[in-house]
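Below, all heavy atoms of this structure are taken into account, side chains as well, without hydrogens, waters or symmetry copies. Chain letters run A, B, ... following the sequence lines, proteins first, then strands; residues in each count from 1.
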Amino acid sequence: MTIKVKFENGREAEYPQGTTCMDLYREKVAENRDLIAVLVDGRECDLTHPLSENSEVVFIDFNSPEGADIYRHSASHVLAHAVKRLYPNAKLGIGPAIENGFYYDIDFKEPISADDLPEIEKEMKKIIKERKPIIRREMSRAEAEKLFSDMNETYKLELIADLPDDVVISCYEQDDFIDLCAGPHLSHTGLIKAIKLTGLAGAYWRGSEKNPMLQRIYGTAFPSKEMLQDHLQMIEEAKKRDHRKLGRELELFSLHEEGPGFPFLHNNGMIVWQELTDFWRVEHRRAGYEEIKTPLILNRSLWEQSGHWDHYQDNMYFTKIDEQDFAVKPMNCPGAMLVYRSRMHSYRDLPRRIAEIGVVHRHELSGTLHGLMRVRSFTQDDAHIFMLPDQIEDEVAGIIDLMDLFYSVFGFEYRIELSTRPEKAMGAVELWDKAESLLEKVLVDRGIEFKVNEGDGAFYGPKIDFHLQDCLGRSWQCGTIQLDFQMPEKFDLTYIGEDGAKHRPVVIHRVVYGSMERLMALLIEHYGGAFPVWLAPVQVAVIPVTGRSHEYAANICEELKNEGFRVDVDLRNEKVGYKIREAQVKKVPYMLIVGDREVENNLVAVRHRQDGDLGAETLTDFVVKLKKEVDQKII
RNA sequence: GCUCACGUAGCUCAGUCGGUAGAGCGUAUCCUUGGUAAGGAUAAGGUCACCGGUUCAAUCCCGGUCGUGAGCUCCA
């Protein structure tokens, strides 16, 4: 019997039945030595996998997502293997590959510390050097249970117990180490070229705080030392750009024990903030938005009506005023609902786009707080759009355009995801279906690529999320467009239709920046603290060379201020090099160096923080260029 | 919230096997007038996070509190 095998390049060939992928691999690897695994009809398989029927076979290397996963999954087994050699009593949890690496959760009899990682890493390298073959063993449930119970691997027994009846139970063996695992794996440990253990942290068994906490060892693996180096360098770069560090150095904001999760913005941070909100207001007015401001603290009755009292109480802050319960707002919507409801609406008034840059407070778990990224008090660039059902499409399209405008100004790439009706959804199914297909239509009509997350929508409506990608390739969810079928019901919102009867409007809840605080953090890291001129807290530093040019420098500074620029003059008794260094470290975009030569010819010597010395020109010429850079928000 | 680690000058960090502490940067003053990333000297600056305990003696050891950091979905 022979079977037909189709390769990724379209070539077909016949082989005897039972030919393993390894046999084919031997031919292939001659062409590409980096191949490490195989997809048979799209499924990841071991190289030893025998082919029993006509199949499509694709060999993959580390550069495919599946390849990287298999590679790192094998690395995690090597980690567990090394741990078992050094700590025979340790019990294994799970050890999957993750983005950029892998981990293994382990229950150590005596907790280990980060100092123990180098030794484990050394043992891993030994196992790699030994080039142990990795062998798949399939077994019955009873055999597996006996095996792991003999080894006292209680967590593995728990996993086996939870495996469905019809699944093939498999283990992977290398040397004297055997682990319950679906696979697939590399064919031997020697294929792992570069590893590094990167961290140690606690993690609950199966992610539940009711379960015991295991120790999670994080690591990463690459097929070459260079790739590992690059990856580690990327992490270093991210550390350098950490907004908490830059925020302090550039005096943008500070955090204090007195207000955990409540950041303090300093003058420099406020300048960036104001530029961001100024830009936001200009574009929102242009797009037909009104702006409102609603109170921080509102009566309990409102939160009962909105449902927050029942469903969000754990995250809210409370106070009492005149014997009555009040809550600090965790969201802006109820306020906006009251504004809408404060007068009657005709269908002719809609859509009504009501925006609010609103401060909300949410009690987040203390362990989740992180700089400006995750706080307990933040500012949303919120807007609620009240509209007729048949306006949904146009409104959503308008918001998508607005998002694109903002994100491209910052130089962010972004991805879009559409989340649809979840199990416990509120509202009529027909309305959901209609809304979902409308959202999809808007995206398709504009030729926008998007990913669908089935069942991931909010219980009150489907949504479109925007995930920004920063310059280090990390992604952050910022913008969101959420249809809300709930709020109009809860607040009994109405408009008078053409027929003279009351109807229910649809509400869209949307943010572009998301949280101002988080956007600031994002921008700080995206730009590495070197803000484009329009955002830079100080746009120009005037630097006199000697005391003789102090007066000239001060005049230049005045003139630039009068032109509306943010400018500092450095009249300290220091050398130019020193002053330049300082302006450079503070990431000031432009330095104007003025000495005797410039005074004499009435010029300024321009230095750019990246491009260095640009030569001398007149102040007028410089102002023209600078104005253009600010107005066009050039990155 | 939970686990582990950490908390020493404005910042980055050293140190004390228990006898109340030190560097660099920054700051102030003086000298230096210097042309594209750090000129020199001197000085000031610390309840060693906070509260208890052990001890003749605690910044150090122990306990607690607060704060900070890495994690806590990625399913054998």
From [atom1] of [X] over to [atom2] of [N], roughly how many Å is that when rounded to an integer?
X	N	atom1	atom2	answer
A:R376	B:C66	CZ	P	11 Å
A:E574	B:A37	CD	C1'	13 Å
A:L614	B:G35	CG	C1'	16 Å
A:Y578	B:G35	OH	C1'	18 Å

Its contact letters, B for base, S for sugar-phosphate only and - for none at protein heavy atoms under 4.0 Å, make nucleotides 70-75 of chain B read SBBSSS
Audit row: A:E417, A:N453, side-chain hydrogen bond (donor to acceptor under 3.5 Å, both in side chains) steps and yes/no: CA-CA 7 Å; A:E417 297 186 4; A:N453 295 325; 2.8 Å; yes
Reading 5' to 3' and counting Watson-Crick or G-U wobble pairs with both distances under 3.5 Å, write the dot-bracket notation for RNA chain B, | for bases paired outside the strand. (((((((..((((.....[..)))).(((((.......))))).....(((((..]....))))))))))))....
Shortest side-chain distance from [X], nucleotide among [options]:
X	options	answer
A:D613	B:U36, B:G7, B:G35	B:U36
A:T546	B:U33, B:G35, B:G1	B:U33
A:V545	B:U68, B:G34, B:U27	B:G34
A:K575	B:C66, B:U36, B:G34	B:G34

Taking any heavy-atom pair under 4.0 Å as a contact, classify A:V576: base, sugar-phosphate, or nothing. sugar-phosphate
Could you tell me whether A:D596 contacts a base, only the sugar-phosphate backbone, or nothing, with contacts defined as non-hydrogen atoms closer than 4.0 Å? base
Strictly below 4.0 Å: does A:R572 bring a side-chain N or O up to OP1 or OP2 of B:U27? yes
Does A:S366 place a side-chain N or O at less than 4.0 Å from the phosphate oxygens OP1/OP2 of B:G1? yes
hbond_proxy A:E582 side chain to B:G26 base (donor-acceptor, 3.5 Å cutoff): no
Whichever of A:D179 and A:H363 has the more 5' nearest nucleotide on RNA chain B, that residue is A:H363
Let me spell it out: for each of A:R548 and A:R248, pick the nucleotide of RNA chain B with the closest heavy atom. Which residue's pick is nearer the 5' end? A:R248
Distance-only criterion, 3.5 Å: show the donor-acceptor pairs between side-chain atoms of residues 161-170 of chain A and protein atoms not counting sequence neighbours.
{"unit_1": "A:D162", "atom_1": "OD2", "unit_2": "A:R206", "atom_2": "NH1", "d": "2.7"}
{"unit_1": "A:D162", "atom_1": "OD2", "unit_2": "A:R206", "atom_2": "NH2", "d": "3.1"}
{"unit_1": "A:S170", "atom_1": "OG", "unit_2": "A:C181", "atom_2": "O", "d": "2.5"}

Work out how far the [atom1] atom of [N] is from that of [M], and round it to whole angstrom.
N	M	atom1	value
B:U16	B:U8	C1'	11 Å
B:G24	B:A14	C1'	11 Å
B:A44	B:G22	P	13 Å

May I ask you to decide whether [X] forms a salt bridge with [Y], counting only side-chain N to carboxylate O separations under 4.0 Å?
X	Y	answer
A:E237	A:R241	yes
A:E143	A:R137	no
A:D621	A:K625	no

